[in-house]
Amino acid sequence: MKTKGSQFWAIGALLIALLSLTFFTGCRDKDSDGDGVLDEKDNCKDVKGPKPEGCPLPPKIGQVNLYLETSASMGGYFAGSAEFKQIVSDLAVKIDKEISPVKIHFISDSIRTYPFEATKFSSDIATTKIALSNSSELHHIFNDIAKATKDGDISIFVSDCILSFPNAAVKANAEVNRQAASGTLKNNVYATFIDLKGRKQAASLYAFSSSFFGKYYDYQNVKTLVKGTVRPFYVWVIAKNNVLPVFDAKLANIPNFKPEQEIHFGLLDQKISNYHILTQLGMKGDYKLIKAGKVSDSGIEDVELEKNQTIEFSAVVDLNSLPPYAKKLSYLQEHLKVEAIGCSANVDISERLPVVTLKSKNQIAHYERASHVIKVNITQLRLDQATLNLRVPLIYDSWYQAWSTMNDKDVKKLGKKTFAFEHLVNGVMEAYNNEGKNLVDLKFQINK
């Protein structure tokens, strides 16, 4: 016979079991970011993303349009054994097969579309004489290309990038190109790229060189016959600023794409300010994470730091949206700026290892989405609320200055120099006005 006491305990046990089941079911049914993927199966609990993994997808790359300048000054690149032909045809085919479909266009004073596929272009550029056209001012060509670049599309422009006034203006004043390169010509470029910036389009510039067989036109439009002299040429990539880093990264993975130099403009809308501290990775000392938003952590608190002791923590950060050169460990280590307010700290940045031992599914997901690990060692805490700022500034490489000349009369001794190239690049730089800004800007709060 059951007593009232045993009945009471039986009912209590049943209620506890029901509550436990409800709590367990509730946890299993939790969807923190509201994307329809339950946390149990969501690899990105902090941000919305599609099924099945719940992680945001990278911007989709649309149509790729390759514009090849065919003004008279480009003729020597299409002749003889110029490496230019191999570089450009290989670029077209590899992008078409490995990244996204390519349409090819010839551009000078107008745009003419090549009617065949990239594989046939590879044959035609090697065996067929490319029809050359009248020259057009470079800023007009850039503007035509920019207007034709739709959201998600990529525009690639191949050119010798020689800044010049129309032939009539040069005939009227043989020195006009030298006299106005730093003023009118540069400002024309600036005006074009400030419009690009307004459309949220960014640009990447890659420098190559090739033997040149044909007529070279100097800044006075005087012709010199050249047979095999090495001349530079350039590949510009223009796209929306959230699409361009994705395309550039894929471009860098093409084995034969080997530019001699590169520079990137307009990508700072993607400044990195988010990070996640992983308590299961290199934790040393007593502290806990400050409760913060889902997108990023904000630091640590309840820090207990005794004399001659240190606090260590590791944060992971995703730098994949930065230009290729800025993601390199050498660039990050050289340019990382550490500002410690109210504390003393040592900071080390490294590329993340392919595999580490972590138990938390959430921390594993943060680690796998990251590209780099930042290890912080706090050696002294002078204020109750200290701040550690880590910044990587944008520093443009000055290589383009060495590739520029204001006198190209003796082309055979010129080397890899392009007339007024410095003023062309300066015009683009001034349009985006990014000098002195940061690629990476991380703030860690360190509280007692």
Side-chain angles (χ1 to χ4, degrees), residues 46 268 270-322 325-360 362-395 434-448:
D46 302 333
L268 275 182
Q270 309 300 315
K271 179 174 67 173
I272 307 300
S273 58
N274 299 329
Y275 62 87
H276 288 281
I277 297 172
L278 304 187
T279 54
Q280 296 177 0
L281 184 66
M283 178 178 177
K284 179 181 178 182
D286 294 324
Y287 60 84
K288 67 179 183 180
L289 297 187
I290 298 174
K291 290 184 179 180
K294 297 178 181 179
V295 176
S296 176
D297 288 332
S298 61
I300 60 175
E301 61 183 358
D302 293 348
V303 176
E304 296 183 12
L305 186 59
E306 302 295 335
K307 188 176 181 180
N308 298 324
Q309 291 185 337
T310 62
I311 292 289
E312 291 184 6
F313 64 86
S314 295
V316 292
V317 60
D318 182 8
L319 304 183
N320 284 316
S321 63
L322 295 180
Y325 77 93
K327 290 185 289 190
K328 292 180 180 177
L329 189 58
S330 57
Y331 182 95
L332 295 168
Q333 290 175 335
E334 179 181 355
H335 298 295
L336 178 66
K337 307 296 181 185
V338 179
E339 179 189 31
I341 302 172
C343 65
S344 298
N346 299 314
V347 178
D348 179 66
I349 187 168
S350 61
E351 295 175 345
R352 77 165 177 86
L353 298 173
V355 179
V356 294
T357 302
L358 299 171
K359 295 181 180 180
S360 164
N362 205 32
Q363 292 195 28
I364 291 172
H366 289 318
Y367 187 84
E368 290 179 346
R369 293 202 304 272
S371 61
H372 292 75
V373 176
I374 298 171
K375 184 178 180 181
V376 178
N377 182 285
I378 306 294
T379 58
Q380 188 180 27
L381 194 57
R382 295 183 293 275
L383 297 177
D384 289 347
Q385 293 185 330
T387 303
L388 180 65
N389 296 314
L390 305 182
R391 300 185 179 97
V392 179
L394 168 67
I395 299 177
N434 287 330
E435 192 66 50
K437 296 185 179 180
N438 295 313
L439 294 166
V440 179
D441 194 346
L442 307 177
K443 181 179 180 180
F444 296 84
Q445 198 66 38
I446 315 294
N447 299 338
K448 287 186 178 180

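- Residue Lys328 places its NZ atom among 12 or fewer non-hydrogen atoms of other residues, nucleotides or ligands, all under 6.0 Å distant.
- The aromatic rings of Phe444 and Phe313 sit tilted, their planes meeting at an angle between 30° and 60°.
- Contact between Lys327 and His372 at its shortest, heavy atoms only, is O-NE2, 3.2 Å.
- Atoms OG and CD, on Ser350 and Gln333 in that order, are 8.0 Å from each other to the nearest 0.5 Å.
- Without hydrogens or angle criteria, Ser344 side chain to Gln380 main chain gives no donor-acceptor distance under 3.5 Å.
- Between the side chains of Ser371 and Glu351, not a single donor N or O lies within less than 3.5 Å of an accepting N or O.
- Here the shortest heavy-atom pairing between Pro393 and Asn438 reads CA-OD1, 3.5 Å.
- Scanning both residues, Tyr275 and Ser298, for their nearest heavy atoms gives OH-C, 2.9 Å.
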- Can you list the steps and then say if Tyr287 with Leu305 is a side chain to side chain contact (heavy atoms under 4.5 Å, CB included)? CA-CA 9 Å; Tyr287 60 84; Leu305 186 59; over 6 Å; no
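- Interatomic distance, Leu319 CG to Leu332 CG, rounded to the nearest 0.5 Å: 6.0 Å.
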- Apply the test side chain to side chain contact (heavy atoms under 4.5 Å, CB included) to residues Leu322 and Ile272: give CA-CA distance (whole Å), side-chain angles for both, the deciding distance (0.1 Å), then the verdict. CA-CA 8 Å; Leu322 295 180; Ile272 307 300; 4.1 Å; yes
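- Put simply, the side chain of Ser314 does not reach to within 4.5 Å of the side chain of Ile374, judged on heavy atoms.
- By the 4.5 Å heavy-atom criterion applied to side chains, Lys337 and Val392 are not counted as neighbours.
- In this structure, CD1 in Ile341 is found 12.5 Å from CD in Gln385, a value given to the nearest 0.5 Å.
- Of the possible polar contacts, one joining the Tyr367 side chain to the Leu353 backbone as a donor-acceptor pair under 3.5 Å is found.
- Between atom CG of residue Asp286 and atom CD of residue Glu306 there is a gap of 9.0 Å, rounded to the nearest 0.5 Å.
- For the side-chain contact (heavy atoms from CB on, under 4.5 Å) criterion with Leu336, the lone passing option out of Asp348, Val440, Leu390 is Leu390.
- You'll find the side chain of Leu388 reaches within 4.5 Å of the side chain of Val347, heavy atoms only.
- Put simply, the side chain of Arg369 never gets that close to the backbone of Asp318: no donor and acceptor are under 3.5 Å apart.
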- Please report the C-alpha distance between Leu381 and Lys448 in whole Å, then the side-chain angles of each, then the deciding distance to 0.1 Å, and finally whether the side chain to side chain contact (heavy atoms under 4.5 Å, CB included) criterion is met. CA-CA 8 Å; Leu381 194 57; Lys448 287 186 178 180; 3.4 Å; yes
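- With respect to Lys288 and Asp302, a salt bridge is recorded, a charged nitrogen being found less than 4.0 Å from a carboxylate O.
- Counting all heavy atoms, side chain and backbone alike, Cys343 lies closest to Ala340 at O-CB, 3.2 Å.
- Remark: the backbone N or O of Gly285 is not paired with any side-chain donor or acceptor of Glu304 at under 3.5 angstrom.
- Arg352 places no side-chain N or O within 3.5 Å of a backbone atom of Val316 that could act as its donor or acceptor partner.
- Residues forming a side-chain hydrogen bond (donor to acceptor under 3.5 Å, both in side chains) with Asn274 (at least two apart in sequence, or on another chain): none.
- For the pair Ser273 (side chain) and Leu442 (backbone), a donor-acceptor distance under 3.5 Å is absent.
- Between the side chains of Glu301 and Asn447, no donor-acceptor pair is found at a separation under 3.5 Å.
- In this structure, Ile277 and Val376 have side chains that are not in contact, with every pair of non-hydrogen atoms separated by 4.5 Å or more.
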- Yes or no on salt bridge (charged side-chain N to carboxylate O under 4.0 Å, His left out) for Arg391 and Asp441, after CA distance, side-chain angles and deciding distance? CA-CA 5 Å; Arg391 300 185 179 97; Asp441 194 346; 3.4 Å; yes
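- By the side-chain contact (heavy atoms from CB on, under 4.5 Å) test, Glu312 is found to be paired with Lys284, Thr310, Lys375, Asn377, residues two or more places apart in sequence or in another chain being considered.
- Taken to the nearest 0.5 Å, the CG atom of Leu281 stands 8.0 Å off from the CD atom of Gln363.
- Taken to the nearest 0.5 Å, the NZ atom of Lys437 stands 9.5 Å off from the CG atom of Leu394.
- A distance-only check finds no donor-acceptor pair linking the side chain of Asp297 to the backbone of Gly299 [under 3.5 Å].
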